[in-house]
Amino acid sequence: MSFNIAGTGMYVPEKVITNDDLAQIVDTNDEWIRKRVGIHERHISVDETAAQMGFQAAQRALDNAGVDKNELDLILAATVSGETVSPSTACMIQHYLGVDCMAYDINAACSAFIFLLETAAGYFARGKAKKVLVVGTERMSRILDWDDRSTCVIFGDGAGAAVLTPGEGYQDSVFRVAGGDDVINIPQFIGKSPWFTPEPIKPYIHMEGQETFKFAVNSITSDITKIMERNGLTPEDIDHVVLHQANRRIIDFAISRLKMDAEKFHVNIQHYGNTSSASVPIALDELNRQGRLKKGDRIILSAFGGGLASASCLIQW
Ligand code: UT7
């Protein structure tokens, strides 16, 4: 037994920041950001935490699934931008929902939503859970260096969630981890101890953009090809591809390398930027709410990012 996605939800904070707004803060311009990344605007949290945004998305996913929150057996959450390491963001979402079930976080940066699905699949396989809530939520604006134009223009805040129920919808997955801190890292501020005085650090996201770009294009194209091949599927058999929204040019490379119909790729980076672990569930929720997912549709989800890690999965709706 695996699971079906019974419902989805998303939440983004109200404040919208355009590229022109950013040009007031750092040396950048609307043309560069649109052309090199594909972003027009992003939502930025003024005072909402990652857990609060995740809670909003979770409620919408529960409503969409028609599942009572008290039926939940497990909440899994992912974030790299939560306010606290402990309690976990999942524990805070559980607290806001006012429910009594197991809850914990998984850290796999931008590809984490698919790691959450894979973890949930184990609970369904062992018959340990019947209703699971998975949430990717990010307040990236908190961990950006707003003096660094190579990172601060590409991220946004938001949350996406899904409710999982027993079924055979989650069919296959591929994961890749190339561990190391040289391409992407987000150092954590730790105070000095009596025995050790750390070097001062900037607790912001550091990213080698071009290295990440290459990793992204290579991993998503080979992971998606692998999933199709081992399930006896051709690009024509896939109805939708939901890629992590990190750069419009990465999506375009994937479309041309995979020789797939561009219409099958849902693209929303222009409105949200890169929302890390929230990116895939936000895009999935948009497709769902637009009524574009039909029963039996084959969907590939694919993401990549810090770790380095990438993850792809095949879902039948
Ligand atoms: O979610 C985690 C996964 N993340 C990703 O997948 C991100 C992957 N990487 C990327 O999307 C791209 O590498 C970036 C968007 C981060 C950067 O784009 P790029 O085309 O790789 O630019 P670049 O770093 O090669 O820089 C090209 C030029 C440089 O100027 P010079 O040296 O050619 O004069 C940069 O200084 O663009 C300049 N530049 C900017 N100019 C205006 C860099 N950032 C900006 C900016 N505005 N915001």
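FYI, side chains are in, hydrogens and waters are out, and symmetry mates aren't considered; it's all heavy atoms of this structure. Numbering of ligands and ligand atoms starts at 1, following listing order.
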Considering only NZ, NE, NH1 and NH2 on the basic side and carboxylate oxygens on the acidic side, decide whether [X] and [Y] come within less than 4.0 Å.
{"X": "Asp73", "Y": "Lys128", "value": "no"}
{"X": "Glu83", "Y": "Arg139", "value": "yes"}
{"X": "Asp145", "Y": "Lys202", "value": "yes"}

Can you sort out the partners of His206 under ring pair (Phe, Tyr, Trp, His ring centres under 6.0 Å), two or more places apart, ordered by chain and number?
none
Checking Phe265 now: which residues fulfil ring pair (Phe, Tyr, Trp, His ring centres under 6.0 Å) with it, not counting sequence neighbours?
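Ring pair (Phe, Tyr, Trp, His ring centres under 6.0 Å) list for Phe265, sorted by chain: empty.
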Protein heavy atoms: any of them under 4.0 Å from atom 39 (N) of ligand 1?
yes
How about Asn29 and Arg149: does a side-chain donor come under 3.5 Å of a side-chain acceptor?
no
Ignoring hydrogens, just give me the one of [options] whose non-hydrogen atom is nearest [atom].
{"atom": "atom 21 (O) of ligand 1", "options": "Arg248, Gln210, Lys214", "value": "Gln210"}
{"atom": "atom 47 (N) of ligand 1", "options": "Val37, Thr28, Val183", "value": "Thr28"}
{"atom": "atom 4 (N) of ligand 1", "options": "Leu22, Thr212, Ile33", "value": "Thr212"}

Under a 4.0 Å heavy-atom limit, does Ile250 contact ligand 1 with its side chain, its backbone, both, or neither?
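The side chain, only.
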Please check: side-chain N/O of Glu208 versus main-chain N/O of Val183, any donor-acceptor pairing under 3.5 Å?
no
What protein heavy atom lies closest to atom 12 (C) of ligand 1? Include the residue and the distance to one decimal.
Asn247 ND2, 3.9 Å
Pull out every atom of ligand 1 sitting under 4.0 Å from any heavy atom of [X], numbered as shown with elements.
{"X": "Cys110", "value": "1 (O), 2 (C)"}
{"X": "Asn274", "value": "1 (O), 2 (C)"}
{"X": "Met207", "value": "4 (N), 7 (C)"}
{"X": "Ala246", "value": "5 (C), 6 (O)"}
{"X": "Val153", "value": "48 (N)"}
{"X": "His244", "value": "1 (O)"}
{"X": "Arg36", "value": "20 (O)"}

Looking at side-chain heavy atoms only, is the closest gap between Ser219 and Phe304 below 4.5 Å?
yes
Honestly, is Arg126 close enough over Tyr123, meaning NZ or CZ under 6.0 Å from the six-membered ring centre and within 45° of the axis?
yes
Residue-ligand contact Phe215/ligand 1, heavy atom below 4.0 Å:
no
